[in-house]
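To keep things clear, I will list the structure first and then write my remarks on it.
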Amino acid sequence: MGNEKVKCLIIGSGPAGYTAAIYAGRANISPVLYEGIQPGGQLTTTTDIENFPGYPSGTSGTMMMEDFREQAERFGADIRFGIATATDLSAPPYKITIDGEKTIEAESVIIATGAAAKYLGLPDEDTYAGMGVSACATCDGFFYRKKVVAVVGGGDTACEEAIYLAGLASKVYLIVRKPYLRASKIMQARVHHHENIEILFEHNAIGLFGEHGVEGVHLVKRAGEPDEEKYDLAIDGFFLAIGHKPNSDIFKPYLDTDEVGYIITEPGTPCTKVPGVFAAGDVADSNYRQAITAAASGCMAAIEAERYLSECEYRLKSK
Ligand code: NDP
């Protein structure tokens with residue numbers, strides 16, 4: 001049996017992937033979308049989305065992604081479960097391996113694989129994986145009702161996770177390495193005013209301890225300073241919210257990426273250096289990383305894919 005041939009392959013299913021599928025479906029380029037490890041993407045692990053236009057009372061990330069998916073299907077997108085595990089973008093048709101088995105030959109490819117949560121890199125994060133260490137408060141917060149937890153990070157994600165956990169846990173420590181929060185002013189205010197949340201500025205987590213799961217964290221305050229202080233804090237859960245790593249590894253042999261791994265596109269467009277291969281959403285955006293900007297870039301990628309395919313067809317006909 002030969003490889004399956006498709007006109008437009010979309011890899012990833014966050015706001016960028018689904019929006020690309022809506023536009024590509026409406027443009028009649030028969031998009032096939034593989035949802036990846038986390039159908040719906042990162043938004044399915046956030047709490048309320050309050051800043052996406054069109055939802056005046058807010059909505060949940062999961063519901064919003066279900067709406068996006070339904071809309072994409074309405075316009076004929078073929079949405080499938082599967083993970084892109086390898087690529088060959090050396091020449092068209094581009095070859096994408098799904099789940100290490102099946103190969104798709106795609107005339108155009110839209111990469112919308114997003115980004116994944118970063119960990120500190122402490123060996124204890126592996127030791128206690130699933131035993132008190134998590135990078136998703138909405139997934140795992142339920143297990144920490146009336147318990148004590150720590151969240152690492154000082155950005156919007158960390159504040160959001162801390163606020164969510166404060167509604168369940170008896171106490172939330174926010175471990176922030178700098179003397180200030182990086183989060184937006186509104187999130188900072190919410191964290192500061194929450195009586196269950198205590199911010200530990202200028203602190204770093206350097207290890208975890210516990211017999212059968214996390215029972216505490218080893219902390220260092222003002223590391224490297226003359227008044228450096230090391231101490232242990234009893235906690236039941238340890239949540240990471242220190243940013244994300246773009247899911248671009250399988251594309252790196254063919255596309256340019258920055259030092260973190262974000263795919264580099266032509267400024268203001270989703271075009272990569274490979275004709276017919278486009279990157280949209282967080283995998284190519286180190287700056288804004290919002291659902292609305294991801295959706296917009298998914299739209300742009302689908303428009304570019306349609307233009308590219310039309311040009312290819314025209315060239316073929318005029319030969
Ligand atoms: P950010 O990159 O904004 O913040 C990461 C935080 O983690 C920073 O405080 C950073 O510290 C800290 N950090 C990074 N590495 C380490 C480390 N090794 N040890 C300790 N601390 C570390 O990521 P976010 O995920 O918070 O946000 C990403 C984007 O998504 C932002 O643009 C944000 O505005 C947006 N967002 C918006 C939301 C909303 O509007 N509702 C919700 C969530 C995110 P330092 O400051 O020292 O670098």
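Computed from a prediction, not measured in an experiment: that's the story for all the values here. As the structure lists them, so they are numbered: ligands from 1, and atoms in each ligand from 1.
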On a heavy-atom basis, I'd like to know which of [options] is closest to [atom].
atom: atom 2 (O) of ligand 1; options: E160, R182, R177; result: R182
atom: atom 35 (C) of ligand 1; options: K178, R289, Q290, E50; result: Q290
atom: atom 23 (O) of ligand 1; options: A291, G243, A241, G155; result: G243

When only distance counts, is N204 in polar contact with ligand 1, meaning an N/O pair under 3.5 Å?
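No: no nitrogen or oxygen of N204 is under 3.5 Å from one in ligand 1.
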
Do the ring planes of F68 and F52 sit parallel (below 30°), tilted (30 to 60°) or perpendicular (above 60°)?
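Rings of F68 and F52: perpendicular, as their planes differ by over 60°.
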
Considering residues, nucleotides and ligands other than F209, do more than 12 of their heavy atoms fall under 6.0 Å from its CZ?
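More than 12 heavy atoms, drawn from other residues, nucleotides or ligands, come within 6.0 Å of this atom.
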
Might you confirm whether atom CD of E195 has over 12 heavy atoms from other residues, nucleotides or ligands at distances under 6.0 Å?
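Not buried by this count: 12 neighbours or fewer within 6.0 Å.
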
At a non-hydrogen distance cut-off of under 4.0 Å, which region of V176 contacts ligand 1 (side chain, backbone, both, or neither)?
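Within the 4.0 Å criterion, V176 makes no contact with ligand 1.
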
Is ligand 1 under 4.0 Å from a heavy atom in the side chain of L120, in the backbone, in both, or in neither?
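Answer for L120: side chain.
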
List ligand 1 atoms under 4.0 Å from [X], heavy atoms only on the residue side.
X: Y288; result: 32 (O)
X: H244; result: 25 (O)
X: G154; result: 6 (C), 7 (O), 8 (C), 9 (O)

Please list, one pair per line, the donor and acceptor atoms closer than 3.5 Å that link side chains of residues 212-219 to other protein atoms, with sequence neighbours excluded.
residue : atom : partner : partner atom : Å
E215    : OE2  : E211    : N            : 3.3
H218    : ND1  : D232    : OD1          : 2.6

Y254 ring center within less than 6.0 Å of Y94 ring center
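No, the ring of Y94 stays outside the 6.0 Å limit from the ring of Y254, centre to centre.
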
In Å and rounded to the nearest 0.5 Å, what is the OG to CZ distance from S108 to F278?
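S108 OG to F278 CZ: 6.5 Å, rounded to 0.5 Å.
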
Give a yes/no on ligand 1: does Y180 have at least one heavy atom closer than 4.0 angstrom to it?
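Heavy atoms of Y180 never come under 4.0 Å of ligand 1.
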
Could you work out, with ring pair (Phe, Tyr, Trp, His ring centres under 6.0 Å) as the rule, every residue matching Y173, not counting sequence neighbours?
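For Y173 there are no ring pair (Phe, Tyr, Trp, His ring centres under 6.0 Å) partners, ignoring immediate neighbours.
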
